[in-house]
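Here is how names work: the chains are called A, B, and so on, in the same order as the sequence lines, proteins then strands, and each is numbered from 1.
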Amino acid sequence: MATFLRPGERKPSAFGVSFDSDRDGEAALPMPAVPNQGLQHQRQKLPVSKHRTEILYLVEHHQTTIIVGETGSGKTTQVPQYLVEAGWAQGGRMVACTQPRRVAAMTVATRVAEEMGTHLGQQVGYSIRFEDVCTPGVTHIKYCTDGVLLRDMLADPLLSAYSVIMVDEAHERSLATDVLLGLLKKVQRRRPDLRVIIASATLEAEKLASFFDASTVRGRKAGPVPGTVSKASALLSVEGRTHPVQVHYLEQPTSDYVQTAVQAAVNLHEEDMPGDILIFLTGQEECDRCTNLLEEEARRLRRRQGALRLMPMPLYAGLPAAQQLQVFQPPPRGYRKVVAATNIAETSVTLEGVVYVIDSCFSKQKVYNPLTGLESLLVAPISRANAQQRAGRAGRVRPGHCLRLCTEETYERELRAATVPEMQRSELAGTVLQLKALGIDNIMAFDWLAAPPSETMVRALELLHALGALDGDARLTKPVGQQMAELPLDPRLGKCLLQAAASGCSAEVVTIVAMLSVQSIWAGAHGEKKALNAAKMRFAVGEGDLISYLNVWKAWEDSGRSRKWSHTNFINHRTMLRAADIRNQLCSHLRRVSLPLASCDGDVTTVQKALAAGLFTNAAQLSDTIYESLDPAYTGTNMYRLVRGAAGQQVKLRIHLGSVLWSCKPQWVLFYQVQQNSSGWYEMQDLVAVQPEWLTECAAWEAAIAAAEAAARCEAQPVTGLGLRLEPRLCAVQHL
DNA sequence: GAGCACTGC
């Protein structure tokens with residue numbers, strides 16, 4: 001008779017291995033109160049169900065189990081249920097399953113609740129930002145975003161509420177996933193009873209296995225001595241359930257993949273085979289352009305009799321909600337959808353009915369340069385793993401085709417096997433602050449799944465030190481550092497808010513930082529640029545974009561948060577509602593730490609100064625006018641100088657055309673972010689105009705300058721592998 | 001001089 005032991009109940013069984021067969025195992029398990037018979041039948045048909053016993057065995061005997069499961073294997077919905085059935089939720093502990101995206105956590109929890117015949121929020125719940133649908137003491141399975149679990153760790157660092165943590169979609173290697181895995185490895189040393197399951201698509205699995213332990217075992221035959229728990233991780237593969245996708249390449253490379261994609265879509269269309277077409281492009285502009293070109297083609301083709309008609313539509317995150325919903329509707333009879341989408345269609349949403357994928361093999365990727373301290377987006381070739389994921393989107397309903405807009409040789413030679421983990425391409429101040437708050441003192445020695453460049457870590461420590469979150473020994477300060485770590489904000493914005501609370505303008509600044517925490521509030525439907533600009537200028541003030549946001553917020557509130565008002569003012573209503581949610585959450589955080597929510601009643605200078613306290617590291621001064629055109633009407637580009645950057649690290653910096661300060665060109669500005677355009681210019685967005693003396697008013701700023709000057713005398717340290725040298729001024733902060 | 005991949009707290 002099979003018995004599956006709970007953590008802390010280790011008793012070596014007389015026969016060693018404590019399982020026999022699936023049937024016995026099932027019989028011993030408590031079933032849900034009202035199982036849905038139809039769903040139970042479907043459950044048993046999932047590929048993962050064949051591995052139920054093996055999974056439970058491995059989890060019982062190994063601290064870490066890695067499950068390689070392809071799309072459609074059922075691991076996300078089934079594994080947590082198996083664990084609960086085997087008793088892992090007894091004794092009040094929960095099984096958690098983390099997801100990189102909110103929607104996934106929500107929909108999977110809903111599905112599993114249905115399968116278990118329970119109400120969502122009872123035995124099965126989910127927890128995402130703004131929504132905790134769980135009942136303490138009742139919920140056994142909790143689906144949550146990895147970000148939420150990381151936040152939870154601030155209050156419960158050893159995750160004592162959980163018996164098993166399953167980290168899903170680990171192959172995506174998102175920032176939060178990587179941090180979580182690093183922390184889980186640490187927690188396991190203190191909590192040998194904690195089980196970690198990592199679910200990943202192929203490629204990354206080996207790396208994950210060796211990270212958790214070098215002596216990885218495969219399958220049950222190589223299992224440990226019965227009755228003991230092995231620290232070696234176990235690796236198990238579960239087949240997926242998708243249709244084959246035939247891949248095609250270009251014979252000749254193309255210089256304009258948007259045009260080529262349009263042509264390819266038309267060719268596919270003219271073959272009159274049924275099925276929708278999905279085109280992967282890099283950004284909003286390309287998707288709109290592609291849609292326009294396809295519309296021209298559709299008009300031309302309409303004259304043909306009897307054939308399917310083309311129905312082109314764009315898909316990207318910034319699209320107004322109504323237009324986005326349209327993409328998910330099945331096309332009217334006689335029409336074929338052609339969706340020109342960004343990366344959003346790679347993982348975040350699924351389009352039913354797609355049989356053809358046309359892949360540009362490019363995407364916009366976040367890159368961080370620790371020498372300039374600038375994070376921006378760059379169009380770059382995707383990885384082969386991404387390309388496979390994209391191709392898979394053609395095989396969801398029936399066998400499909402994928403056309404890659406490059407030659408096979410280029411694909412094999414120039415695309416890397418896997419994407420560089422986000423950890424190695426990001427600015428890390430927020431991550432480092434979070435780790436510090438969790439008591440990870442030595443960031444440089446942290447067991448990273450993929451160690452970021454050391455310059456990036458030093459940069460992050462330097463920024464946190466300048467913001468006053470870390471002291472000279474790189475320890476979290478109280479209360480500033482602690483409060484900043486608790487705020488769900490970028491550390492710079494957190495500092496703005498704390499400063500505002502101290503100077504009596506938190507009511508204003510909480511609005512500004514909430515609006516900076518969402519994507520652009522401007523809803524730019526294509527062909528309406530002028531009207532959008534006019535709308536923007538109605539709210540614009542000379543103090544900059546951040547102060548202008550206050551005007552937008554007030555007008556939106558005065559309209560009663562009207563959707564119609566948003567529409568007429570070219571504002572994305574959905575984005576505003578999200579900013580409002582964030583604003584609420586931040587207000588309750590302030591209340592909890594007894595910081596006042598006070599208004600400065602129109603004293604803009606106080607607001608600007610509070611913003612300067614958090615953004616001073618992103619200061620720029622108007623320097624030269626550059627004439628790079630022969631056009632006599634061209635008046636030149638006003639270039640800004642990055643105040644913080646060392647002389648050798650200057651970049652071509654200017655104000656983004658979308659900023660309200662574009663035509664004002666103030667002497668001194670602070671910016672929240674930069675965008676790198678195709679001609680190499682860094683363009684500052686979300687600006688605030690400042691006086692230079694406000695910058696020196698920031699005590700931390702002076703400290704940073706002093707530290708820099710002192711450190712400049714140090715010998716620069718070589719950094720291995722990258723051929724880069726650590727900036728000398730950075731070593732002053734670093735005592736780890 | 002003309003525009004902002006995608007997530008997450």
Peer 1: Indicate, with a heavy-atom threshold strictly under 4.0 Å, whether Trp662(A) touches base, sugar-phosphate, or nothing.
Peer 2: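 Base contact - Trp662(A) has a heavy atom under 4.0 Å of at least one base atom.
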
Peer 1: Scan residues 477-488 of chain A against DNA chain B and write down, sorted by residue number, each residue with any heavy atom closer than 4.0 Å; if none is found, say none.
Peer 2: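 Listed by number, they are Pro488(A).
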
Peer 1: Report the distance from atom CG of Leu374(A) to atom C1' of dC4(B), rounded to the nearest whole Å.
Peer 2: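 Spelled out: CG on Leu374(A) to C1' on dC4(B) is 16 Å.
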
Peer 1: Pick base, sugar-phosphate or nothing for Arg101(A), based on heavy-atom distances below 4.0 Å to the nucleic acid.
Peer 2: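 It contacts sugar-phosphate atoms only.
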
Peer 1: Among dA5(B), dT7(B), dG3(B), which is the nearest nucleotide to the side chain of His656(A)?
Peer 2: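 It is dG3(B).
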
Peer 1: Can you list everything that forms a side chain to side chain donor-acceptor pair (under 3.5 Å) with Arg289(A)? Sequence neighbours excluded, please.
Peer 2: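 Result, side chain to side chain donor-acceptor pair (under 3.5 Å) vs Arg289(A): Asp256(A).
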
Peer 1: Please check the phosphate of dC6(B) (OP1 and OP2 only) for any side-chain N or O of Gln519(A) closer than 4.0 Å.
Peer 2: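 For dC6(B), OP1 or OP2 has a side-chain N or O of Gln519(A) closer than 4.0 Å.
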
Peer 1: Which part of the nucleic acid, if any, lies within contact of Glu285(A), taking any heavy atom under 4.0 Å across all strands shown: a base, the sugar-phosphate backbone alone, or nothing?
Peer 2: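 The residue Glu285(A) makes sugar-phosphate contact but no base contact.
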
Peer 1: For a quick check under 3.5 Å, do Gln519(A) and Arg578(A) share a side-chain donor-acceptor pair by atom type?
Peer 2: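 Per modelled atom types, Gln519(A) and Arg578(A) side chains form no pair under 3.5 Å.
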
Peer 1: Just N and O in the side chain of Thr145(A): are any of them under 4.0 Å from OP1 or OP2 of dT7(B)?
Peer 2: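 The answer is no; no side-chain N or O of Thr145(A) sits under 4.0 Å from OP1 or OP2.
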
Peer 1: Which part of the nucleic acid, if any, lies within contact of Ala317(A), taking any heavy atom under 4.0 Å across all strands shown: a base, the sugar-phosphate backbone alone, or nothing?
Peer 2: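 Sugar-phosphate only.
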
Peer 1: For a quick check of understanding: with a heavy-atom distance under 4.0 Å over all strands, which category does Ser363(A) fall into, base, sugar-phosphate or nothing?
Peer 2: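 Nothing, no heavy atom under 4.0 Å.
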
Peer 1: So, OP1 or OP2 of dC4(B): does either fall under 4.0 Å of a side-chain N or O from Ser520(A)?
Peer 2: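 False: Ser520(A) side-chain N/O out of range (4.0 Å or more) of dC4(B) OP1/OP2.
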
Peer 1: Ignoring hydrogens and angles, does a donor from either the side chain of Asn533(A) or the base of dA2(B) sit under 3.5 Å from an acceptor on the other?
Peer 2: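 Answer is yes: a donor-acceptor pair is held.
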
Peer 1: One thing to verify: whether Glu346(A) and Arg393(A) come together as a salt bridge, which I'm taking to mean a side-chain N less than 4.0 angstrom from a carboxylate O.
Peer 2: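 Looking at Arg393(A) and Glu346(A), the cut-off is not met.
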
Peer 1: Do Glu286(A) and Lys364(A) sit within salt-bridge range, that is, some charged N less than 4.0 Å from a carboxylate O?
Peer 2: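 Lys364(A) and Glu286(A): not salt-bridged.
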
Peer 1: If I compare all heavy atoms of Arg101(A) with all of Ser348(A), which pair ends up nearest, and what's the gap?
Peer 2: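 Minimum heavy-atom contact is CD-OG, 3.6 Å.
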
Peer 1: Does a nitrogen or oxygen in the side chain of Arg102(A) sit under 4.0 Å from OP1 or OP2 of dC9(B)?
Peer 2: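 Yes.
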
Peer 1: For Asp490(A) and for Lys366(A), locate the closest nucleotide of DNA chain B by heavy-atom distance; then report the residue assigned to the nucleotide nearer the 5' terminus.
Peer 2: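 Whichever sits nearer the 5' end wins; that is Lys366(A).
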
Peer 1: Under 3.5 Å, is there a donor-acceptor pair between the Thr291(A) and Asp288(A) side chains?
Peer 2: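 No, no side-chain donor-acceptor pair sits under 3.5 Å.
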
Peer 1: Scan Leu433(A) against the nucleic acid and name what it touches under 4.0 Å (heavy atoms): base, sugar-phosphate only, or nothing.
Peer 2: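 Leu433(A): no heavy atom of the nucleic acid under 4.0 Å.
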
Peer 1: Would you please say whether a donor-acceptor pair under 3.5 Å links the side chains of Tyr640(A) and Lys665(A)?
Peer 2: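 Lys665(A) and Tyr640(A) do not have a side-chain donor-acceptor pair below 3.5 Å.
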
Peer 1: Which is true for Lys652(A) with a 4.0 Å heavy-atom rule: it touches a base, it touches only sugar-phosphate, or it touches nothing?
Peer 2: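 Lys652(A): no heavy atom of the nucleic acid under 4.0 Å.
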
Peer 1: Nearest to the side chain of Ile128(A) - dC9(B), dC6(B), dC4(B)?
Peer 2: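 Of all the options, the side chain of Ile128(A) is nearest to dC9(B).
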
